Amino acid sequence: MPRYYVTTPIYYVNDAPHIGHAYTTLIGDALARWHRLLGDDTFFLTGTDEHGLKIQRTADANGITPLEQADRTSERFREAWKLLDISNDDFIRTTEPRHHLAVQTLLQKAYDNGYVYRGTYEGLYCVACEGYYNESDLVDGRCPIHKTPVETLVEENYFFRLSAFADRLLAWFEADPDCIQPDGKRNEAAGIVRQGLEDVSISRTSISWGVPVPWDPGHVFYVWYDALINYATAVGYGSDPERFAEWWPETTHLLAKDILRFHCVYWPAMLMAAGIENLPKLRVHGFLLVGGEKMSKTRLNQIAPSDLVEDFGVDGYRYHFLRDNSFGPDGDFSYEGMIVRYNSDLANNLGNLLQRVSTVVAKKCAGIGPAPRMDSPLAGVVAAAYNDAAAAWANTQPSVALEATWRIIRETNDYLQTNEPWKMEPGPECDAVMGDALEVLRVVTILASPAMPGACDVIWRRIGLSGSPRDERLPAAAAWGGYPGGLVIEAGDPLFPRRKA
RNA sequence: GGCGACGUAGCUCAGCAGGUGAGAGCGCUCGACUCAUAAUCGAGAGGUCGACAGUUCGAUUCUGUCCGUCGCUACCA
């Protein structure tokens, strides 16, 4: 059975979950659900990143331990994902023992292989910040936050020999264009490498909230080098070599463009340094902007998923973010735009189609859904849309996949309008039209289920089918003619009530 | 400064390995229908495909320059 391992970044617990975090997680969830429909053995991972100076400081400020601080925020992410119907198979936290073991194992390997060495880091240090600054960050030679003079400090660090991997990284980019997508993001990664790579400091002695360096316990690993390894941890690195060997070659990482450098350059190099041959596929998307501006704490324009779920429902929320933004470029979110799309795609097209079909079946077919005809003109529409949708999911383009799926819905509304079954006498001709419409609903429900699992379960049930679309297997289930007929159609309230602007 | 991306209907975008009259969705106008969530269907208006120059029989599609937006990256007296 094919395997599919997809990850989101692990989110740093210094920030509460917002629609940007949720966007990546949602893409991962939809992809995982699509692959489950394909029958792939699927593993979907998300989690939280919990080490580092910022967490330690926040904890100090709140008068609690770093772990307590991490517990609190990590829990908020788990709650958010539960709210959004996220079907992750695991939730990893970097504070877990399994992860410490993996980090120490992987970096020990890199050390043993000669890619980690002891050196001195010299930097401009602000005592109040307990942190280093680049010269360019300083304001008049002083700390930008405290306005106090910085001092030059020298710290013993371990360095990762990143500079040794430039050629191999470039060769990888070139040999396998699919390694990083979209193309533009791969070019960006290549650009970073071509600029010249310097070795990077990967340990700290000034803080203790992290994973200890195994060969020198006075150091902890710098948070980034600890965090990336989570992807390996979760499939058994360091603890279950057999499991790791099975899953690792099928890895796809989803990430936003701000962490491209770490994922597309540092991380593959670290894997090479540790002697791990298979490199992950990387899928990089842009930001969700709000009113054209980046979301940030200081602008106070962060939007929590729960605010929108309240107004649009989980499935309305999920559909919107999967459909409205193409994967790759930045996208602009607006509440008004969300209403427009919800009303158009969900209320007017899908919801209304279900409603009119169930009403006509009640009036003209005694409430019993007829079987479709095999030579329906809609069969070709469905087949073409399925091919497009499948290709789009394979290319990490949920918006394109859903657009293709919705073409079926539009064609079917058109089909009903043309045939006017509500004007027909009950009988074979009317049954044929309504059977076709029900068959469309069956297929659409399967194809849309990665985006809207809850709503699709409801539609599935209303058209008389048992079980759930998630139990279906593609591509067989998308073949025309699967609706058996003779099922009781349930009329219900509108599934997606229109929203007022 | 270097590298790169982008600039196509009111909005969001697709498309073009160069070739008859440029596309989708939404919005708008008109009409049809009334099974349906004031939903649906049809017709239509609306674009010098950023500007200029070049290559070509022919460019929105290729090349160059410029303007504008943005990203990555470097540096500065």
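These numbers come from a predicted model, not from an experiment. Residue numbers begin at 1 in each chain, while the letters A, B, ... track the order of the sequences.
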Looking only at side chains, do A:Glu411 and A:Asn413 share a donor and an acceptor under 3.5 Å apart?
no
For A:Asn187, which contact category applies under a 4.0 Å heavy-atom criterion: base, sugar-phosphate, or nothing?
nothing
Nearest whole Å is fine: how far is B:U12 P from A:Gln397 CD?
20 Å
Under 4.0 angstrom, heavy atoms only, what part of the nucleic acid is A:Leu495 near: base, sugar-phosphate, or nothing?
base
Is the distance between the ring centroids of A:Trp267 and A:Tyr225 under 6.0 Å?
no
Candidate nucleotides B:U40, B:U73, B:U37, ranked by approach to the side chain of A:Gln355 - the nearest:
B:U37
Considering every strand shown, what is the Watson-Crick or G-U wobble mate of B:C30 when both distances are under 3.5 Å?
B:G42
Measuring to OP1 and OP2 of B:C33, would you say a side-chain N or O of A:Lys423 lies under 4.0 angstrom away?
no
Any base atoms under 4.0 Å from A:Asn349, or only sugar-phosphate, or nothing? Heavy atoms, all strands.
sugar-phosphate
A:Asp431 bridged to A:Arg373 by N-O distance under 4.0 Å:
no
Could you check how far CG of A:Asp183 sits from P of B:C72, rounded to whole Å?
19 Å
Comparing A:Gln417 with A:Val357, nearest RNA chain B nucleotide closer to 5' gives the residue A:Val357
Which whole number of Å gives the distance between the C1' atom of B:C75 and that of B:U63?
31 Å
Rounding to an integer number of angstrom, what distance separates B:U20 and B:G58 when you compare their P atoms?
15 Å
Which pairs count as ring pair (Phe, Tyr, Trp, His ring centres under 6.0 Å) when at least one residue sits in residues 341-383 of chain A, sequence neighbours excluded?
A:Phe312-A:Tyr342
To the nearest angstrom, how far is A:Ile259 atom CD1 from B:G71 atom P?
18 Å
Using the ring of each side chain (for Trp, its six-membered ring), is A:Tyr11 parallel, tilted or perpendicular to A:His21, with breaks at 30° and 60°?
perpendicular
For B:C72 and A:Arg261 - does any side-chain N or O of the residue sit under 4.0 Å from the phosphate oxygens OP1/OP2?
no
Tell me, which pairs form a ring pair (Phe, Tyr, Trp, His ring centres under 6.0 Å) where one or both residues lie in residues 353-395 of chain A, sequence neighbours left out?
A:Trp34-A:Trp393
When the P atoms of B:A77 and B:U56 are compared, how many Å lie between them, rounded to an integer?
48 Å
Rounded to the Å, how far apart are A:Trp422 CH2 and B:C33 P?
12 Å
Say you pick atom P in B:G7 and the same atom in B:A45; how far apart are they, in whole Å?
26 Å
May I ask which nucleotide in the shown strands pairs with B:U60, Watson-Crick or G-U wobble, both distances under 3.5 Å?
none
Contact class for A:Lys363 (heavy atom, under 4.0 Å): base, sugar-phosphate, or nothing?
sugar-phosphate
For B:A36, the nucleotide meeting Watson-Crick or G-U wobble distances (both under 3.5 Å) is none
A:Asp414 side-chain proximity, nearest of B:C41, B:G71, B:U37
B:C41
Could you work out the separation of B:U60 and B:G47 based on their C1' atoms and round it to a whole Å?
11 Å
Closer than 4.0 angstrom, basic N to acidic O: yes or no for A:Arg442 and A:Glu439?
yes
If B:G18 has a Watson-Crick or G-U wobble mate with both distances under 3.5 Å, name it; if not, just say none.
none
Identify the nucleotide, in any strand shown, that forms a Watson-Crick or G-U wobble pair with B:G68, with both distances under 3.5 Å; if there is none, say none.
B:C6
Mind checking who B:A24 pairs with, Watson-Crick or G-U wobble, both distances under 3.5 Å?
B:U12
Integer angstrom distance from the P of B:U8 to that of B:C49
11 Å
Say we look at B:C3 and B:U65: how far apart would their P atoms be, to the nearest angstrom?
10 Å
Which nucleotide in the list B:C26, B:U37, B:C72 gets nearest to the side chain of A:Glu188?
B:C72
Please name the nucleotide paired to B:C75 by Watson-Crick or G-U wobble geometry with both distances under 3.5 Å, or report none.
none
Name the nucleic acid region contacted by A:Gly191, choosing base, sugar-phosphate or nothing; use a 4.0 angstrom heavy-atom cut-off, strictly under.
nothing
Classify the nucleic acid contact of A:Arg341 as base, sugar-phosphate or nothing, counting any heavy atom under 4.0 Å across all strands shown.
nothing
Base-pairing mate for B:C49 - Watson-Crick or G-U, with both contacts under 3.5 Å
none
Without decimals, in angstroms, what is the distance between A:Asp324 CG and B:G25 C1'?
11 Å
Regarding A:Arg410, tell me which of base, sugar-phosphate or nothing describes its non-hydrogen contacts under 4.0 Å with the strands shown.
sugar-phosphate
The side chain of A:Thr359 lies closest to which of these nucleotides: B:U34, B:U37, B:C35?
B:C35
Measure from the side-chain heavy atoms of A:Arg356 and tell me the nearest of B:A39, B:C33, B:C35.
B:C35
When A:Trp224, A:Phe221, A:Phe165, A:Tyr117 are each screened for ring-ring contact (aromatic ring centres under 6.0 Å, His included) with A:Phe160, the one that passes is A:Phe165
More 5' along RNA chain B: A:Pro497 or A:Thr418, using each one's nearest nucleotide?
A:Pro497
Please measure how far the P atom in B:C62 lies from the corresponding atom in B:C70, and state the result in whole Å.
24 Å
